[in-house]
There are 2 protein chains.
Amino acid sequence: MNNDSSVIQQPVRTKNGGLIKSAEKLVTSYPRVPITVDCVIFGFDENELKILLIRSDLEIFKGQWSLLGDFAADNEELDDAAYRVLCERTGMDDVYLEQVRTFSKPGRHPGGRVLTVAYCSLLNIEQHKLGKMDNELHWHSVQNIKEMAFDHKEIMDYCYNWLQKRIMEHPLGFNLLPEKFSLRELQNLYEAILNVKLDRRNFRKKFFSMDFLIDTGEYEDDVPHRPGRLYQFNFQKYELNKRRWTGIDF
Amino acid sequence: MNNDSSVIQQPVRTKNGGLIKSAEKLVTSYPRVPITVDCVIFGFDENELKILLIRSDLEIFKGQWSLLGDFAADNEELDDAAYRVLCERTGMDDVYLEQVRTFSKPGRHPGGRVLTVAYCSLLNIEQHKLGKMDNELHWHSVQNIKEMAFDHKEIMDYCYNWLQKRIMEHPLGFNLLPEKFSLRELQNLYEAILNVKLDRRNFRKKFFSMDFLIDTGEYEDDVPHRPGRLYQFNFQKYELNKRRWTGIDF
DNA sequence: TTTCTATTGTGTAAAATTAACACATGTAAA
DNA sequence: TTTACATGTGTTAATTTTACACAATAGAAA
């Protein structure tokens, strides 16, 4: 591990005032680290917030679950790497994805120093029905996960926390819902993520006043009670007014 | 660049079901990247938000300013690396420091691929009077910086934006002020960071109601008008009540 | 000593937002 | 036809935010 990187420990830096001619020489004189991206992929199903995990392929973590991740390729921008992982593993594109934080604790990877950049992703679980091939993949209820491989539990907790804050500032939640949804579903989503109970009438008022909901005129189907109206999220309008958006406050 | 890392491009992964015995072997088969930390160090002086920059020591960026940064050492946690940079360059310890974001665009460093993790730091500028030795260091007004070496302008902009949001959620600003300060100074700070004008009376009410200000009983000195009271920030009390803290709203 | 200037320190009323709460309506199942 | 259950809607009280004016106090100037 890191044998070649420790050959030259003294930086190429000139002592005083002199400028460094070769940036390349400078760079190659420092330690280098393998980089991974890890995706915390959230979904929403049965009124629970879920996260997509894969069985670890390392002997040492046998039986444990881990985030979907991969090493970054040569010269690969990390956003691209995360997106690649997402596409390869879920077959989906056009997915919400955002960088959250970098984790660098020495010893976090049993194979030596590996730095990982955590990404948070929100997707519609219905559009990613796991095939029979995917017996290594599984949607877990976020609340039930006790331990994970590597430091992935810590990463997941951080990202879940991040999501709770983030969803108060931007209407990300819609990425987790089907294209058409009832207000009840929307409220269930917020209650699941924030882990609180909300007043139905005030919730409704709040979202209508935001003016990002399009009334489809359609109604729920297959419910054993009065069906609710179905709405769509107005992504366009949101993008236009994003700057004036100051967040939700329940 | 990256010549040894591209020797083995095929991952060691077993095709189906088989677990990987050697995590080490897996890790060493992937590309490796030099990592830097870059500190966006904010200060407050003459009612302006400032940032501490250093003249780039690279020939290619001659005359341009850059963030204070360094390469991460072997097995060095990045928080530690950032803290090390901060201490080495400013001689200060016990400084507010927080990771903000990782920047990975290929081509962002002229010496080849270098990944950098940006940290945001807030310190009391009075306690870091630049000595004569530090003629490579300079406090710049944040508003005046047009261009910087590397992608540091982008990083600075991102961190400034981050700070504007962050300061609404946590009372970080006190790190930028002297131990004892008047309410006017505090308001100037917020106005400088947020780039807005605030109502003096409401600002005052807001901060008193937070109950984090300790009245020292002392007064300003050397002002050509009625002197204001001096306060201290109650860090202890804040730490205790942090969890219930929901932010400021001007 | 007096006057002037500038900034501190304080309170209240209007406006906006949030929180709490109840009843009629519509569908499917019994 | 009745029952069960969730939808859809409006009002009032409480809280928070905004807007705004005047007396007090120090140093500087006259």
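Just so you know, these numbers use all the heavy atoms, side chains as well, and skip hydrogens, waters and symmetry mates. So that the names make sense, note that chain A is the first sequence line, chain B the second, and so on, each numbered from 1. Everything numeric in this text was worked out from a predicted model, so none of it was measured.
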Give the rounded distance in Å between these two atoms: [atom1] of [X] and [atom2] of [N].
| X | N | atom1 | atom2 | answer |
| --- | --- | --- | --- | --- |
| A:R226 | D:dT7 | CZ | P | 9 Å |
| A:L198 | C:dA19 | CG | C1' | 12 Å |
| B:K205 | D:dT16 | NZ | P | 13 Å |
| B:L186 | C:dT8 | CG | P | 12 Å |
| A:D221 | C:dA28 | CG | P | 9 Å |
| A:F208 | D:dG10 | CZ | C1' | 14 Å |
| B:F203 | D:dT17 | CZ | P | 14 Å |
| A:K206 | D:dT9 | NZ | C1' | 18 Å |

Is the distance between the ring centroids of [X] and [Y] less than 6.0 Å?
| X | Y | value |
| --- | --- | --- |
| A:F181 | A:F174 | yes |
| B:F150 | B:F103 | no |
| B:F212 | B:F207 | no |

Report yes if a side-chain nitrogen or oxygen of B:R204 is closer than 4.0 Å to either non-bridging phosphate oxygen (OP1 or OP2) of C:dG9; otherwise report no. yes

D:dA19, OP1 or OP2 - any side-chain N/O from B:R201 closer than 4.0 Å? no

Quick one: do B:E218 and B:R229 make a salt bridge, cutoff under 4.0 Å? no

Any donor-acceptor N/O pair under 3.5 Å between D:dG8 base and A:R200 side chain: yes

With nearest nucleotides of DNA chain D determined for A:E185 and B:D199 from heavy-atom distances, which residue corresponds to the more 5′ nucleotide? A:E185

